[in-house]
Amino acid sequence: MTTLMRNYVNGEWITTGRTFPTLNPVDGSHVADVSEADQDTVDRAVKAARAAMDGAWGKLTAAERSALLHKVADGIEARFDEFLEAEVADTGHSYPHARAIDIPRGAANFRIFADLIKAYPNEAYEMAAPEGGAVLNYSHRRPLGVVAVIAPWDLPLLLLSWKVAPAMAAGNAVIAKPSEETPATATLLAEVMAEAGVPPGAFNLIHGFGPNSAGEFLTTHPGIDGITFTGESHTGTIIMKAAAERVKPVSFELGGKNPGIVFADCDFDAAVDGIAKAAFSNGGQICMCTERVYVERPIFDKFVAALKRKAEALVPGRPADPGVDMPPMISAEHRDKVLSYYRLAVGEGATVVTGGGVPQFGDERDEGFFVQPTIWTGLGDTARICREEIFGPCCHVAPFDSEDEVIARANDTHYGLCASIWTQNLARGHRVAHAVQAGLVWVNSWYLRDLRTPFGGVKMSGIGREGGMHSLNFYSEPSNICVKF
Ligand code: NAD
Ligand code: 6OH
């Protein structure tokens with residue numbers, strides 16, 4: 001029997017007249033049908049969220065919300081295997097990846113914000129009143145109200161919960177829309193919310209697409225008090241215009257064209273390993289992946305050869321295949337986009353060091369959406385494949401001759417999400433990290449995350465920071481209370 005994933009509104013499961021299918025990207029097989037939220041469903045979700053703010057949910061203390069969110073984390077852990085199977089079926093992620101990252105981070109996101117909300121400090125200032133007497137100013141934080149969460153497909157549960165958890169910890173009612181490509185773990189999350197006893201309307205789930213569908217209905221809705229979004233920069237510009245109509249706050253984590261900078265004094269093996277991870281993890285489908293690699297000239301040839309060996313050792317395949325570490329692209333459409341860049345690279349005159357095509361399996365995986373990990377050299381920085389986000393397992397590697405030169409080239413982009421720097425000269429590591437225009441810079445590592453730290457991008461890579469107290473700052477608004485006594 002075909003599974004139907006439904007919308008979850010005001011504690012009830014809702015179907016509409018329209019459904020859309022989701023496919024398993026490993027072999028193109030049908031996973032489930034999904035009920036697409038229409039305008040009426042979105043209206044009901046907004047109304048339910050508002051009622052929750054005015055009702056049981058809005059009356060909970062921070063400690064009570066914290067306890068509920070820990071129960072949500074418990075619920076994810078208790079149903080770990082169901083979440084795992086759901087994420088793997090939607091994304092084609094390998095089991096080791098989903099087991100180590102996708103699902104544990106879903107639970108961890110709820111735990112960290114459940115803990116932080118209990119330690120969230122308020123400011124207080126004392127001063128003397130001019131006419132005598134004392135004055136105490138202190139800030140009192142209120143939730144924004146009804147928050148729209150729009151998530152992408154690359155790390156579905158991780159990225160949705162990264163925003164749902166702090167929004168709810170801060171006391172907001174949430175309407176979450178997962179990507180149309182990956183609705184399964186969000187649907188399980190709604191079940192867990194219900195089981196944990198989250199009051200109706202505090203967490204609502206709507207399914208659908210962006211334009212002229214659930215995403216647009218939600219982000220243009222007059223009843224929304226804030227929007228938090230992860231996805232493409234272009235989508236961010238559309239959502240920001242919608243939010244501007246009513247001057248609503250937005251928090252955006254958007255695209256990137258992230259540089260990896262490798263100095264000749266690096267720990268060579270660690271740098272090759274780190275850049276290979278940064279370029280090819282999850283098939284390059286993580287916003288922090290590296291598609292521009294700059295290598296100091298004395299080690300350039302040796303580095304390219306070593307990176308080629310890493311790329312060619314990657315194993316594409318089914319999530320349970322032994323050693324698999326190269327998942328498919330999320331969809332046929334995304335595969336076609338990546339392949340169009342593979343063709344463009346050749347058209348632009350790149351040297352294809354490895355890859356550039358589609359792996360052949362001779363079985364059902366040929367119906368899936370795989371591409372080969374690909375490395376190019378030989379292009380200038382103005383080439384389109386060196387400037388546009390591809391979001392696939394590919395990178396261009398270019399030589400450089402000086403620190404100043406590589407900083408300028410790394411910064412010559414509209415994006416600014418993250419960068420990695422590889423050097424054993426710590427002073428240089430700090431110096432270059434300060435000069436690179438990015439929201440996150442790793443020195444001798446990549447995608448090491450401490451969830452308390454600010455996360456987000458500069459330029460077209462985003463607006464605002466989430467993570468730890470930065471998230472709680474976005475999802476609440478301070479009022480200054482000034483008391484004379
Ligand atoms: P996308 O922008 O196409 O879609 C993201 C979400 O927005 C989906 O849920 C989609 O349905 C919705 N959406 C699309 N158009 C909309 C509209 N007009 N109004 C409202 N909602 C709309 O992005 P994607 O293809 O799902 O994800 C890949 C992109 O996301 C890449 O650019 C990647 O860099 C970026 N990304 C960034 C981060 C980050 O933290 N900076 C993290 C993950 C992904
Ligand atoms: C983007 O694809 C990945 C973002 C990762 C996080 O937000 C995180 O918290 O690890």
Side-chain angles (χ1 to χ4, degrees), residues 20 34 36-37 42 91 101-102 104-106 108-109 112-113 148-163 165-166 175-183 186 206-221 224 227-243 250-258 281-289 291 329-331 333-334 337-338 388-392 415-418 438-440 446-468 470-471:
F20 61 92
V34 187
E36 182 182 357
V42 176
T91 60
I101 299 175
D102 292 281
R105 264 297 301 279
N109 286 342
I112 182 171
F113 291 108
V149 175
I150 314 267
W153 45 257
D154 51 333
L155 299 169
L157 178 67
L158 187 161
L159 289 172
L160 187 98
S161 55
W162 176 237
K163 289 166 176 291
I175 303 164
K177 195 199 86 60
S179 167
E180 57 274 25
E181 308 285 357
T182 53
I206 57 168
H207 290 298
F209 302 84
N212 201 25
S213 181
E216 183 179 327
F217 301 151
L218 182 59
T219 50
T220 56
H221 202 289
I224 295 297
I227 302 174
T228 181
F229 165 75
T230 302
E232 278 192 18
S233 297
H234 176 67
T235 313
T237 65
I238 296 170
I239 294 177
M240 199 162 176
K241 281 178 199 147
V250 296
S251 173
F252 286 169
E253 295 173 10
L254 306 176
K257 190 74 183 175
N258 308 307
S281 288
N282 207 31
Q285 300 166 112
I286 300 179
C287 56
M288 288 167 294
C289 282
E291 292 183 355
M329 302 296 94
I330 192 68
S331 63
E333 188 189 357
H334 187 55
K337 174 184 157 185
V338 172
E388 298 175 18
E389 183 186 52
I390 301 169
F391 221 57
Y415 291 113
L417 187 57
C418 71
L440 299 135
W446 176 76
Y447 199 3
L448 262 186
R449 295 277 288 117
D450 179 325
L451 304 186
R452 297 167 296 187
T453 56
F455 184 97
V458 304
K459 302 187 195 169
M460 295 276 290
S461 289
I463 183 163
R465 294 291 179 276
E466 298 204 32
H470 303 272
S471 298

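Start at 1 and go down the list; that is how both ligands and their atoms are numbered.
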Options [options], ranked by nearest heavy atom to [atom], top entry:
atom                    : options                        : answer
atom 7 (O) of ligand 2  : Leu159, Thr453, Leu417         : Leu159
atom 6 (C) of ligand 1  : Ala151, Gly215, Ala148, Cys418 : Ala151
atom 39 (C) of ligand 1 : Pro156, Cys287, Pro183, Gly210 : Cys287
atom 8 (C) of ligand 2  : Lys163, Arg449, Met288         : Arg449
atom 33 (C) of ligand 1 : Phe391, Phe209, Phe229         : Phe391
atom 31 (C) of ligand 1 : Glu389, Lys177, Glu466         : Glu389

State the atoms of ligand 2, each with its element, that fall below the 4.0 Å cut-off from a heavy-atom position in [X].
X      : value
Tyr447 : 5 (C), 8 (C), 10 (O)
Asp154 : 1 (C), 2 (O)
Cys287 : 1 (C), 2 (O), 3 (C), 4 (C)
Arg105 : 8 (C), 9 (O), 10 (O)
Trp162 : 7 (O), 9 (O)

Residue portion contacting ligand 1 (non-hydrogen atoms closer than 4.0 Å) for Leu155: neither
Mode of Ala214 contact toward ligand 1 - side chain, backbone, both, neither (heavy atoms, under 4.0 Å):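 It is neither part, as no heavy atom is under 4.0 Å.
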Is [X] close to ligand 1, meaning an N/O of one under 3.5 Å from an N/O of the other?
X      : answer
Ser461 : no
Leu254 : yes
Leu417 : no
Asp154 : no
Ser233 : no

Parallel, tilted or perpendicular: rings of Phe209 and Phe20 (30°, 60°): tilted
Residue pair Ser233 / Glu389, side-chain donor-acceptor N/O under 3.5 Å: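 There is no such pair (donor and acceptor under 3.5 Å, judged by atom type) between the side chains of Ser233 and Glu389.
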Closest contact, heavy atoms only, Leu158 versus Ile101: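 Shortest heavy-atom separation between Leu158 and Ile101 comes out as CD1-CG2, 3.7 Å.
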Protein contact to atom 25 (O) of ligand 1 [nearest heavy atom, distance to 0.1 Å]: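 Looking at atom 25 (O) of ligand 1, the protein heavy atom closest to it is Trp153 NE1, 2.9 Å.
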Ligand 2 contact by Thr230, heavy-atom criterion under 4.0 angstrom: no
Part of Leu451 within contact of ligand 2 (heavy atoms, under 4.0 Å): neither
Any protein heavy atom < 4.0 Å from atom 9 (O) of ligand 1: yes
